[in-house]
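Shown next, in structure tokens, is the structure this report addresses.
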Amino acid sequence: MTSHTSPHLQHYFVPQPSPYPFILSGGMFLLALGFILKMNAFAPGPWIMLAGAMVILFVVYNWFGKIIGENQSGSYKEWEDQSFRYGMIWFIASEVAFFAAFFGALFYVRNISVPALAGMDPAFSLWKDFTAVWPSAGPKGAAFTPMGAWGVPALNTALLLSSGATLTWAHWGLLKNNRSQLNLGLLLTIVLGVTFLGFQAWEYHHAYTELGLTLGAGVYGATFFMLTGFHGFHVTLGALMLMVVYGRCLKGHFTVERHFAFEGVAWYWHFVDVVWLGLFILVYWL
């Protein structure tokens with residue numbers, strides 16, 4: 001019986017055994033151990049954290065470089081491409097769940113906990129003068145001024161939305177095999193992302209030094225910095241990934257038919273854009 005399966009689908013690349021997973025686990029252990037020691041005021045803590053971070057960077061650089069080399073050598077075909085796509089989809093799904101948990105915490109605090117504390121019978125309440133007003137530091141949090149929506153946050157929203165547009169424009173250039181459009185679009189996306197991070201750093205400095213909005217500013221301060229801080233961390237990772245993809249584009253990597261690394265990073269960046277819209281509306285605006 002003759003098989004009609006594509007020759008590419010009959011192929012599956014099996015890599016050689018690698019020490020990188022073991023080394024990466026060691027680096028993550030050192031990073032966590034150093035953090036725990038630092039939190040408990042042990043002097044070696046920061047140095048152990050630094051060692052762990054250096055091990056992780058070493059593994060990421062070499063492991064990803066090996067994968068890129070395997071891809072450029074033609075080892076990967078349709079099966080590997082599908083595998084990478086499924087992996088990226090599940091990764092982004094886990095990130096959706098991660099941020100959903102924090103948005104859920106914000107909803108619970110704002111719509112359930114704060115009204116419940118304010119509505120308690122004064123005869124049994126420890127905080128008789130507490131009112132259900134949001135933003136709130138909670139019954140015992142430090143006083144603060146909330147971050148307004150129509151300053152730097154609105155500007156950062158425009159920056160991230162623009163970066164999504166420039167990345168899409170770059171993708172169109174890749175699909176048309178227009179390398180100059182691809183490279184320019186990617187460069188603009190990176191510049192917009194880094195500018196966003198710069199404004200967020202300024203915003204944090206402003207919050208701490210002028211608004212009294214810190215992690216110690218009660219429940220609003222905690223949720224504000226957890227949500228915006230983790231988002232900023234994701235923007236940083238996305239910008240680094242875009243830089244790697246940009247470097248590969250300058251070297252002539254990717255074709256019209258095969259460019260999953262570009263698409264995977266683009267999916268991640270658009271996800272980060274959508275999360276920011278939720279943050280702007282639910283944290284800054286409403």
Side-chain angles (χ1 to χ4, degrees), residues 92-120 125 127-168 192-239 267-286:
I92 293 178
S94 72
E95 293 287 89
V96 171
F98 177 85
F99 278 102
F102 285 107
F103 279 115
L106 175 65
F107 174 84
Y108 184 86
V109 165
R110 182 172 179 175
N111 294 281
I112 298 177
S113 294
V114 168
L117 286 174
M120 292 181 67
S125 176
W127 306 287
K128 297 180 177 57
D129 298 326
F130 181 69
T131 57
V133 178
W134 190 263
S136 172
K140 300 180 69 176
F144 69 93
T145 301
M147 185 68 65
W150 302 110
V152 169
L155 176 60
N156 268 350
T157 302
L159 288 171
L160 270 192
L161 292 178
S162 298
S163 73
T166 55
L167 184 57
T168 301
L192 290 168
V194 172
T195 304
F196 170 93
L197 292 172
F199 276 118
Q200 188 171 49
W202 180 90
E203 178 186 76
Y204 276 17
H205 180 266
H206 174 63
Y208 261 78
T209 59
E210 299 180 37
L211 301 181
L213 179 56
T214 69
L215 279 168
V219 66
Y220 177 80
T223 54
F224 174 85
F225 283 105
M226 288 297 285
L227 277 163
T228 60
F230 272 119
H231 179 268
F233 174 71
H234 283 72
V235 173
T236 302
L237 289 180
W267 295 351
Y268 184 84
W269 193 256
H270 290 311
F271 161 74
V272 168
D273 287 352
V274 172
V275 171
W276 177 257
L277 284 177
L279 283 173
F280 178 72
I281 294 171
L282 298 176
V283 176
Y284 289 97
W285 189 1
L286 298 182

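Keep in mind that the numbers below use all heavy atoms, side chains included, and drop hydrogens, waters and symmetry copies.
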Discussion item. Applying ring-ring contact (aromatic ring centres under 6.0 Å, His included), can you list everything that pairs with Y204, at least two apart in sequence or on another chain?
Written reply: F225
Worksheet entry | Parallel, tilted or perpendicular: rings of F230 and H234 (30°, 60°) | perpendicular
Worksheet entry | Pairs involving residues 271-280, ordered by first then second residue, that meet side-chain hydrogen bond (donor to acceptor under 3.5 Å, both in side chains) (sequence neighbours left out) | T157-W276
Worksheet item: Got more than 12 heavy atoms from elsewhere within 6.0 Å of OH, Y208?
Response: yes
Practice prompt. Working to the nearest 0.5 Å, report the span between CG of L213 and OG1 of T145.
Written response: 8.5 Å
Worksheet item: Roughly how far, to the nearest 0.5 Å, is the CG atom of L160 from the CH2 atom of W269?
Response: 6.0 Å
Fill in: Minimum-distance pair of heavy atoms, taken over all atoms of A149 and F280
O-CE1, 3.3 Å
Discussion item. So which atom in L227 and which in F99 form the shortest heavy-atom distance, rounded to 0.1 Å?
Written reply: O-CE2, 4.2 Å
Worksheet item: Can you tell if the side chain of H231 reaches within under 4.5 Å of the side chain of V283, non-hydrogen atoms only?
Response: no
Worksheet item: Out of curiosity, T223 OG1 to R110 CZ, how far, rounded to the nearest 0.5 Å?
Response: 9.5 Å
Fill in: side-chain contact (heavy atoms from CB on, under 4.5 Å) partners for V152, two or more places apart
N156, F199, W202, E203
Practice prompt. Search all heavy atoms of Q200 against all heavy atoms of G232 and return the closest pair with its distance.
Written response: OE1-CA, 3.3 Å
Worksheet, complete the sentence: Closest non-hydrogen contact found for A158 with S162 is O-OG, 2.7 Å
Worksheet item: Can you name the residues that form a side-chain contact (heavy atoms from CB on, under 4.5 Å) with T166, not counting sequence neighbours?
Response: S163, L188, T189, L192
Worksheet item: Hey, which of Y284, Y220, F224 is the one that makes side chain to side chain contact (heavy atoms under 4.5 Å, CB included) with P146?
Response: Y220
Item to complete: Heavy atoms only: give me the nearest F144-S136 pair and the separation to one decimal.
Response: CE2-C, 4.0 Å
Worksheet item: If you measure from OG1 on T195 to CG on L155, what distance do you get to the nearest 0.5 Å?
Response: 9.0 Å
Item to complete: Mind checking the CD-CG spacing from E95 to L237? Nearest 0.5 Å is all I need.
Response: 8.5 Å
Worksheet item: Taking only residues two or more places apart in sequence or in another chain, which ones pass ring-ring contact (aromatic ring centres under 6.0 Å, His included) with H270?
Response: none
Worksheet entry | Whether over 12 other heavy atoms sit under 6.0 Å from F233 CZ | no
Worksheet entry | Partner residues of V109 under the side-chain contact (heavy atoms from CB on, under 4.5 Å) criterion, sequence neighbours left out | V114, W134, V219
Discussion item. To the closest 0.5 Å, what do you measure between OG1 (T236) and CG (L197)?
Written reply: 4.5 Å
